[in-house]
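Residue numbers begin at 1 in each chain, while the letters A, B, ... track the order of the sequences.
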Amino acid sequence: MENGQVTNGHDVEGSSEPKTIHNAIVEIVSDSGEGAQKAGQSFATIGAKSGNGVWTVEIIPAEIKPPARSRAGASGIRIRLGSEQITNMGDTADIVVAFNEQVLYGRIINDALREGTVVLLENKWASDPDEQIRDMYTTAVKDFRARGLIVHELAMHEACLEYTPKPQLGKNMFVLGMLCWIYQLNPDLALREIAAVFAKKSAAVIESNQKLFHGGVKFARENLTYCYTIPTMKTEQDLIVTNGNQAVGLGVMASGMEMVSMYPITPATSATHYLAGVYQKVGGFIHQAEDEIAAIGFAIGASYAGKTACTITSGPGLALKTEFIGLAVMSEVPLVIVDVQRGGPATGLPTKVEQGDLFAALYASPGDAPKVVMAAATIEECFHMIITARKLAEMFRTPVIVLTDANLATGQTAYPRPKATEEWMAPPIDQSPWPEGLAPYEWDKKTGLSRRPIPGQRGGEYVLTGLAHTKLSHVAYDPTVNQMSTEMRSRKIASLAQTLRPPTIHGDDEGDLLLVGWGSTIGSIEEAVDRARADGYKVSSLHLRFIAPMEPGLKKMFERFKRVMTIELNYSDPQGGFSGDPETARRAQLAQHLRAQTLHDVGYWSITPGQPLQPNQICQVIAKTLEEMGLAQRGAEVAHA
Amino acid sequence: MFGLKTDWSLDVLPRYFSLEDYQGGMARWCPGCGDHGVLTAVQRICRDAQLLPEQTVCVSGIGCSSRFPHYMKTYGFHGLHGRALPVACGVKSRRPDLHIWVATGDGDCCSIGAGHWVHAIRYNMNMVVMLFDNNVYGLTKNQTSPTSQPGLKTNTHPRGAFLPPLNPSLTTLSIANVSFVAQTVDWNPPHVYATLKLAFEHPGLSFVRIFQRCPVFTPLVFEDAQSDPSLVMLLEDENGVTADAAGIKMYKNRVAHDPSDIDKAREIVSREDVLPIGLFFADPNRPRYEMMSSVGADTTIEEKLETFDKELDRFAI
């Protein structure tokens with residue numbers, strides 16, 4: 001297929017029989033407040049319940065009510081459905097439902113559409129009383145067609161009037177009906193989903209939305225000439241569908257941590273919104289602090305007193321917490337810090353994805369402040385990593401940073417229902433008498449580990465301090481003590497490193513090109529690698545979960561490939577640097593780190609679009625790199641329709 | 001005192017704590033520093049209340065007075081500059097069984113930690129917050145503090161401090177949910193002891209501003225009030241600070257003040273012609289955040305597992 005795009009077989013020629021396809025990418029875009037996300041989430045849940053693989057990506061403007069009919073105000077959602085497990089948002093959209101023509105431009109500038117994308121466009125603007133709006137609409141539709149979009153102008157608003165006096169509030173469920181018809185999803189599942197979504201509202205509201213849903217089904221049947229079925233997966237496993245922030249919240253509960261201390265920040269806060277509704281049932285408490293610094297200080301206080309706590313934030317919050325993270329390292333207080341990364345620096349792109357906080361997580365504290373840094377690659381890992389993080393924090397007496405991002409935070413997918421066990425949970429705090437003669441930092445010289453006294457333990461009284469200290473926690477400025485205690489804090493991280501396994505390589509463990517990634521890009525990278533391998537290219541990938549300490553054995557793995565490069569969602573200078581001197585080039589963050597750690601010539605490709613990576617983009621990087629290496633024909637594309 | 005009960009029967013307690021049991025490392029404050037006296041008062045209060053040392057936590061920020069926890073033989077947390085209060089609140093949040101003493105200075109509390117101060121007052125968690133106010137930054141060597149008097153020559157303002165000083169007690173009395181504000185002076189140990197004791201007994205956050213001298217940088221800052229006791233105004237009430245005779249006999253300037261009258265408290269604490277000491281305001285019935293934050297701390301692992309599994313049903317497909 002041209003440009004390496006995958007079309008997913010969406011023919012729109014008239015056919016009375018549903019066509020079988022295996023993959024579909026659908027978007028709903030609207031002004032803020034028109035319910036596109038609710039419709040999309042419901043559509044994804046219905047798909048998942050039907051047995052399809054699903055993945056969603058929310059399209060969120062930074063403002064609550066940006067101006068209507070504006071490109072930057074486009075609010076919505078992408079849903080990818082498939083016959084197999086879906087791990088990423090895919091390439092360009094197959095079908096887009098647009099509530100007005102301007103928000104569609106918001107998707108065009110983000111390269112979300114292609115020639116042949118079907119646009120189901122609200123046509124009420126063509127007869128708007130405002131002449132300017134009518135003109136904008138007509139001009140845009142012409143332009144869309146010139147761009148190769150297949151535009152179907154539909155009177156959705158008017159059709160909704162049959163069911164509601166206020167179509168603006170109900171059109172989303174109408175659209176849900178249309179999509180469920182287009183993809184032949186079970187209407188009974190949909191009706192149940194609507195009842196669940198509006199469970200807190202009155203029966204009349206549920207009924208009204210279900211009528212709108214039926215209306216949408218009828219409208220699509222009468223007005224559209226195409227529909228599809230996506231065969232479902234056979235699975236014996238119990239599955240759950242959550243987004244990444246809900247997964248973090250569930251992970252907090254399953255870890256037994258009883259305290260989340262936070263300050264509102266996008267896109268992290270929805271984890272707390274979720275927890276707020278349920279946390280008390282497991283005895284937990286959410287502290288909304290006066291600021292980010294107080295949030296971590298409060299968490300450290302709770303941890304010090306034996307109740308290991310969690311603080312959830314995003315980049316700017318992580319920056320403010322830096323000094324306290326250093327204190328937790330210095331005084332060896334266990335703590336879980338979740339950084340839901342967004343675009344930066346400063347306020348950056350608050351609602352959009354970026355992997356720009358790796359260096360901040362690794363290095364931000366002054367002085368030598370070794371800590372554990374992990375990166376969740378999937379929504380399921382957002383859950384499990386919190387449990388691991390709590391355990392590591394306590395076992396190694398250290399802060400643990402878990403990096404997720406806006407893509408994971410708001411994306412939804414299905415994964416096996418966890419079966420929590422007692423071992424996942426924080427044990428009750430130890431209040432037994434402290435062993436006589438045991439120092440509060442009785443560092444084991446080989447492991448750097450020491451046992452921690454908890455207030456309430458008789459005989460364990462000690463004064464935690466951020467000053468350099470002896471094993472008795474006595475302030476000490478002498479050079480030997482500082483060297484030794486700094487070494488102990490580093491040594492325990494090395495002890496953790498010794499327990500880690502080398503990562504597994506996706507594809508063959510030798511070849512021409514190895515892509516290295518971290519975080520939420522795993523799905524796109526592996527899908528791109530699979531496409532390239534299907535075309536006969538010797539490409540593999542590797543994904544890191546532990547950044548600090550580093551997973552072992554990387555250099556040996558790297559050496560089995562002709563070239564190694566990272567794929568990242570952060571900034572890097574053009575290859576070779578602006579001045580043509582590669583020594584001055586600023587590299588992608590993981591690449592820089594890997595180069596330093598392994599002395600291997602690790603290359604990189606990274607961008608900051610504020611969007612998840614499309615597999616197609618990575619395919620093009622693979623093709624270009626192999627071409628540079630003389631291993632692919634110029635102009636060859638790594639992709640298949 | 002040892003084990004002697006009021007009915008004069010002799011009863012050896014299983015654990016009895018003397019002053020020494022609360023005395024930690026040798027204090028490294030300058031000779032003549034007011035901190036020494038406050039430390040002794042707190043140790044006495046702990047002894048008198050027979051606080052379990054393992055149930056007692058002293059939390060501080062950074063500054064001379066923030067070394068306080070090191071000189072107590074209890075649990076302690078000597079953290080970051082300005083951040084004593086969030087840590088102290090966090091300690092208390094899930095462990096309401098612990099007794100908390102907070103040591104903070106005028107720079108620590110009223111400058112770098114000012115945001116936390118406002119909110120900690122509002123949280124009103126049960127603890128004693130001692131503001132060691134010597135009107136100057138001591139540990140970093142003589143910089144202007146938010147409570148420095150105009151004209152005070154410091155390393156950052158060699159021609160004299162310019163701005164009017166902040167009045168920490170007045171500020172505290174203006175914060176929602178304030179529950180206890182008192183003032184005392186470091187040169188009057190009986191009054192310091194009586195004030196802190198009352199603060200310790202108060203259910204909620206007790207804010208005590210302790211006027212003190214830095215023997216090195218502000219030795220004369222309260223010289224007037226020291227040499228002329230009539231410049232000190234003693235607040236009196238049956239529910240107020242009741243220091244013994246040694247602590248009050250020199251003060252002829254006395255005023256009856258009902259500590260439930262917050263408007264009057266604000267008026268008195270604003271006075272600049274005298275140095276008012278005693279209890280300004282106390283309300284034991286204000287909501288305390290730990291009543292909310294500690295709910296569920298006794299949930300068992302079995303209960304958590306069961307609830308968690310039920311919760312997953314919401315997401316099941």
Side-chain angles (χ1 to χ4, degrees), chain A residues 45 48-49 238-242 246 250 253-254 256 258-259 261 278 280-285 287 289-291 293-295 297-307 309 323-324 327 414 417-418 420-422 425 427-428 453 455-467 474-475, chain B residues 24-25 52-59 62 67 69-70 72-95 97-98 115-116 118-119 122 289 292-305 307-312 314-317:
Chain A
T45 307
K49 286 190 175 172
D238 287 341
L239 299 175
I240 58 170
V241 173
T242 75
Q246 288 165 332
L250 287 166
M253 283 192 276
E258 294 174 9
M259 160 75 65
S261 179
V278 64
Q280 203 170 13
K281 290 189 207 159
V282 292
F285 180 71
H287 174 58
E290 60 269 25
D291 59 38
I293 298 173
F298 198 94
I300 286 175
S303 287
Y304 165 79
K307 299 280 190 176
E323 190 186 13
F324 256 128
L327 177 71
R417 178 180 175 132
T421 69
E422 194 174 337
M425 293 261 171
Q457 285 193 284
R458 182 177 169 180
E461 296 85 355
Y462 77 111
V463 179
L464 176 149
T465 180
L467 283 161
H474 291 166
V475 176
Chain B
L52 294 174
E54 69 268 23
Q55 293 287 122
T56 307
V57 183
C58 298
V59 182
I62 295 293
R67 292 296 178 94
H70 289 283
M72 294 286 291
K73 207 193 277 178
T74 62
Y75 279 91
F77 193 113
H78 176 213
L80 298 179
H81 194 26
R83 318 298 173 203
L85 288 167
V87 171
C89 293
V91 171
K92 190 77 178 172
S93 66
R94 298 296 284 181
R95 296 291 307 273
D97 56 313
L98 300 174
H116 308 312
V118 172
H119 291 275
R122 202 171 144 244
Y289 195 55
M292 179 181 163
S293 69
S294 63
V295 170
D298 54 352
T299 311
T300 64
I301 288 181
E302 290 69 31
E303 288 166 335
K304 289 181 185 179
L305 284 170
T307 311
F308 174 75
D309 196 57
K310 256 187 222 148
E311 175 62 12
L312 289 180
R314 263 182 66 184
F315 301 100
I317 57 169

Given that the side chain runs from C-beta out, which part of [X] has a heavy atom under 4.5 Å from chain B: side chain, backbone, both or neither?
| X | value |
| --- | --- |
| A/V241 | both |
| A/Y462 | both |
| A/K281 | both |
| A/S303 | neither |
| A/E290 | both |
| A/D238 | neither |
| A/P427 | backbone |

Original post:
Is there a donor-acceptor pair under 3.5 Å between the side chain of B/R95 and the backbone N or O of A/A305?
Top reply: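 The answer is yes, because a donor-acceptor pair under 3.5 Å joins these two groups.
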
For residues [X] and [Y], determine if any side-chain heavy atom of one lies less than 4.5 Å from a side-chain heavy atom of the other.
| X | Y | answer |
| --- | --- | --- |
| B/L312 | A/P418 | yes |
| A/M259 | B/S93 | yes |
| A/Q457 | B/E54 | no |
| B/H70 | A/V475 | yes |
| B/F315 | A/R417 | no |

Subject >> Closest non-hydrogen atom pair between B/F308 and A/L250, with its separation >> reply: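 That closest heavy-atom pairing would be CE1-O, 3.4 Å.
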
**OP:** For residues A/P428 and B/I301, report the shortest heavy-atom separation together with the two atoms involved.
**Re:**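 Closest heavy-atom pair between A/P428 and B/I301: CD-CD1, 4.2 Å.
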
By a 4.5 Å heavy-atom criterion (distance strictly below it), what part of [X] contacts chain A: side chain, backbone, both, or neither?
| X | answer |
| --- | --- |
| B/S293 | both |
| B/L305 | both |
| B/R122 | neither |
| B/K73 | backbone |
| B/V295 | both |
| B/R83 | both |

Hey, which of [options] has the most heavy atom pairs under 4.5 Å with chain B?
| options | answer |
| --- | --- |
| A/K307, A/R458, A/K49 | A/R458 |
| A/A254, A/G456, A/A414, A/A420 | A/G456 |
| A/Q280, A/E422, A/M253 | A/E422 |
| A/G256, A/G459, A/A48, A/G460 | A/G460 |

**OP:** Could you tell me which residues satisfy salt bridge (charged side-chain N to carboxylate O under 4.0 Å, His left out) with B/E311, sequence neighbours excluded, listed by chain and number?
**Re:**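 In terms of salt bridge (charged side-chain N to carboxylate O under 4.0 Å, His left out), with neighbours along the sequence ignored, B/E311 is linked to B/R314.
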
Top contributor to chain A contacts, counting heavy-atom pairs under 4.5 Å, from [options]:
| options | answer |
| --- | --- |
| B/Q55, B/R94, B/K304 | B/R94 |
| B/G79, B/G24, B/A88, B/C89 | B/C89 |
| B/G115, B/G82, B/A297, B/G25 | B/A297 |

Subject >> Under the side-chain contact (heavy atoms from CB on, under 4.5 Å) test, residues paired with B/P69 that sit two or more places apart >> reply: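 Checked B/P69 against side-chain contact (heavy atoms from CB on, under 4.5 Å); matches are A/V463, B/C58, B/S60.
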
**OP:** List the steps, then state whether side chain to side chain contact (heavy atoms under 4.5 Å, CB included) holds for B/H119 with A/D291.
**Re:** CA-CA 10 Å; B/H119 291 275; A/D291 59 38; over 6 Å; no

